[in-house]
Amino acid sequence: MDIPRTYFSIIFSLFILSFVIVVVLLPGQLLEFVPLAGSKPGYSVPLDRLRTKLSGENKLFAIENPGDLHQNKFRTATRKVGKVEERLAVARASMRKAAPESEDRRSNITVTSTTHDGSDHHYVPAGAIYRNARLFYRSYLEMEKIFKVYVYPDGDIPIAHDGPCKDIYSIEGRFLHEMEHGAGRFRTNDPNVAHVYFLPFSVTWMVKYLYTPLSHDLTPLKQFVSDYVRVISTRHPFWNRTHGADHFMLACHDWGPHASQGNPFLYNTSIRVLCNANTSEGFKPRKDVSLPEIHLYGGEVSPKLLSSPQENTPRRYLAFFAGGDHGPIRPNLLHHWKNHDSDIRVYEYLPKDLDYYFFMLNSKFCLCPSGHEVASPRIVEAIYAECVPVILSEYYVLPFSDVLQWEAFSVQVDVSDIPRLKEILSAIPEDKYRKLKEGVKAVRRHFTLNQPAKRFDVFHMILHSIWLRRLNIELR
């Protein structure tokens with residue numbers, strides 16, 4: 001009789017259709033996974049080591065049957081993921097609808113047309129510092145409306161849930177603290193409604209507590225990351241659902257990219273928010289985020305840079321730099337310009353009787369060469385001082401370049417043209433310099449650290465960069 005066979009065929013077809021919808025279609029908006037060359041999919045870390053290393057003996061496996069909990073969470077996550085993707089689709093549609101209108105109105109806009117009434121609540125982006133101001137604004141409003149971040153509770157202080165707030169890597173700690181202890185507009189305690197998942201470990205503190213000085217052995221950092229990802233993928237269903245494509249880590253330490261190699265999916269698939277945004281070392285602008293490096297001495301911006309300089313204050317020097325002779329670019333800069341010209345003040349280390357910020361505030365251009373790694377805190381310091389940054393770097397993806405048009409507030413000079421620096425900077429017409437300086441002043445809010453965070457400041461710009469990658473959409 002054919003009825004049972006037909007019935008079986010229908011059931012089997014429904015099963016296949018369900019599998020395609022859950023496994024193939026729902027994660028379809030996420031970024032593609034590319035295996036890391038030479039990587040192995042397996043892990044050899046015993047689970048009992050993770051109990052003490054990440055979450056403590058009594059926390060990690062306190063439930064009697066973790067397998068049952070994992071199954072229940074997965075069922076819940078599967079039911080809600082469709083709604084999450086549906087809301088993202090609505091946001092994409094809203095932005096696509098705004099794009100033609102933005103294109104019509106973006107030409108002939110000046111920097112000074114950026115409108116606000118002095119409060120962040122009413123700020124409306126506009127002007128030449130943006131690639132597409134109106135589309136950025138629409139994207140930002142959509143982010144404020146729906147974007148939710150889940151912060152994994154796993155891991156112990158100091159390596160997880162803490163970070164530096166008083167040194168060159170302080171953006172790492174400041175973001176983490178704002179995410180965990182701030183107003184919480186974007187954070188959700190329900191992982192089933194989250195759009196992205198934050199791995200709250202600090203690479204800087206890994207280096208401090210796990211690295212053996214002068215050993216050049218980064219294995220402990222990679223091992224910690226491997227252990228951490230294994231813990232969350234064991235306890236929670238969300239990593240395995242997408243191979244980490246909707247997860248992100250954040251690190252400002254130079255070794256952040258190396259630490260991320262502890263898990264091949266984290267390296268290749270997840271969103272890595274890094275100060276060391278070097279495309280020659282695996283940084284992928286389509287999925288990774290460039291993090292601005294902000295040096296906070298004692299945890300605060302220097303008082304000399306807190307208030308904007310007087311508008312008509314003369315700047316007596318053409319350009320300025322002071323810094324160590326390290327990396328591939330600075331030796332070239334020092335060779336050609338150290339003590340060579342009174343208009344371009346270049347020092348290897350500034351004499352103690354001279355003030356670093358005095359020179360920034362009294363120079364038209366601030367030279368920002370890469371050191372050992374591509375990022376430089378001088379870029380943000382120059383913006384605070386309203387000194388036009390001169391970018392001297394290779395393979396560096398500048399922060400927030402999805403949104404910001406760096407040509408409107410900085411000068412980028414090829415490393416090969418360092419001997420011609422004075423010629424290049426002197427040739428910039430005065431009216432163009434004034435526009436660049438106006439651009440620097442306008443863009444400052446996007447690089448400002450506020451406590452608590454304010455709309456459009458650096459914390460929110462970082463979140464917006466992550467939001468764009470979760471949407472998998474470009475603002476052009």
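Positions are given from 1 along the sequence.
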Is there a donor-acceptor pair closer than 3.5 Å between any side-chain N or O of [X] and the backbone N or O of [Y]?
X	Y	result
Thr204	Glu172	no
Arg444	Tyr384	yes
Ser270	Gly244	yes
Asn240	Ser233	yes
Arg87	Lys83	no
Ser410	Glu407	no
Arg378	Leu367	no
Ser465	Met461	yes
His161	Asp154	yes
Arg96	Ala91	no

**OP:** Report the residue from Leu210, Val229, Thr219 that forms a side chain to side chain contact (heavy atoms under 4.5 Å, CB included) with Phe224.
**Re:** Leu210
Just checking, is any N or O donor in the side chain of [X] or [Y] under 3.5 Å from an acceptor N or O on the other one?
X	Y	value
His247	Tyr152	yes
Glu381	Tyr356	yes
Asn450	Asp457	yes
His177	Asp162	yes
Arg315	Ser363	no
His464	Ser139	yes
Asn268	His243	no

Does the gap between the ring centers of [X] and [Y] come in under 6.0 Å?
X	Y	value
Tyr211	Trp255	yes
Tyr130	His446	yes
Phe283	Tyr396	no

Could you grab the distance from atom [atom1] of [X] to atom [atom2] of [Y], nearest 0.5 Å is fine?
X	Y	atom1	atom2	answer
Ile159	Tyr209	CD1	OH	8.5 Å
Ile294	Asp167	CD1	CG	12.5 Å
Phe321	Cys368	CZ	SG	9.0 Å
Leu266	Asn263	CG	CG	5.5 Å
Ser94	Lys145	OG	NZ	6.0 Å
Ser376	Ile391	OG	CD1	8.0 Å

Original post:
Which is it for Asp288 and Arg469 under the salt bridge (Lys or Arg N to Asp or Glu O under 4.0 Å) test, yes or no, and what are the steps along the way?
Top reply: CA-CA 8 Å; Asp288 297 328; Arg469 280 145 186 81; over 6 Å; no
Does a salt bridge link [X] with [Y], judged by any charged N lying under 4.0 Å from a carboxylate O?
X	Y	result
Arg131	Asp402	no
Arg434	Glu386	no
Asp190	Lys148	no
Glu300	Lys166	no

**OP:** Using the test side chain to side chain donor-acceptor pair (under 3.5 Å), find all partners of Ser370 that sit at least two apart in sequence or belong to another chain.
**Re:** Ser393
Subject >> Residues in side chain to side chain donor-acceptor pair (under 3.5 Å) contact with Asp355, at least two apart in sequence or another chain >> reply: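 In terms of side chain to side chain donor-acceptor pair (under 3.5 Å), with neighbours along the sequence ignored, Asp355 is linked to Lys304.
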**OP:** Answer yes or no on whether Arg445 is positioned over the face of Tyr123, meaning its NZ or CZ is under 6.0 Å from the six-membered ring centre and within 45° of the axis.
**Re:** yes
Original post:
Can the positive tip of Arg272 be found less than 6.0 Å from the middle of the six-membered ring of Phe248, inside 45° of the ring normal?
Top reply: no
Original post:
Could you go step by step and tell me if Thr448 and Lys454 meet the side-chain contact (heavy atoms from CB on, under 4.5 Å) rule?
Top reply: CA-CA 9 Å; Thr448 298; Lys454 297 180 181 179; over 6 Å; no
Original post:
Could you give all pairs that pass the disulfide bond (SG atoms under 2.5 Å apart) test and reach residues 249-291, with sequence neighbours left out?
Top reply: Cys252-Cys275
**OP:** Give the C-alpha distance, both sets of side-chain angles, the deciding distance and a yes or no for side chain to side chain donor-acceptor pair (under 3.5 Å) between His253 and Asn276.
**Re:** CA-CA 7 Å; His253 195 281; Asn276 191 5; over 6 Å; no
Once you measure the plane-to-plane angle for [X] and [Y], does it fall in the parallel (<30°), tilted (30-60°) or perpendicular (>60°) bin?
X	Y	answer
Phe409	Trp406	tilted
Tyr228	Phe201	perpendicular
Tyr197	Tyr150	perpendicular

**OP:** Determine whether more than 12 heavy atoms belonging to other residues, nucleotides or ligands lie under 6.0 Å from atom CZ of Phe358.
**Re:**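 Correct, the count exceeds 12.
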Subject >> Stepwise side-chain contact (heavy atoms from CB on, under 4.5 Å) check, Leu463 with Phe186 >> reply: CA-CA 9 Å; Leu463 274 184; Phe186 296 97; 3.6 Å; yes
**OP:** Show your reasoning for whether side-chain contact (heavy atoms from CB on, under 4.5 Å) applies to Leu274 and Val289.
**Re:** CA-CA 6 Å; Leu274 304 170; Val289 172; over 6 Å; no
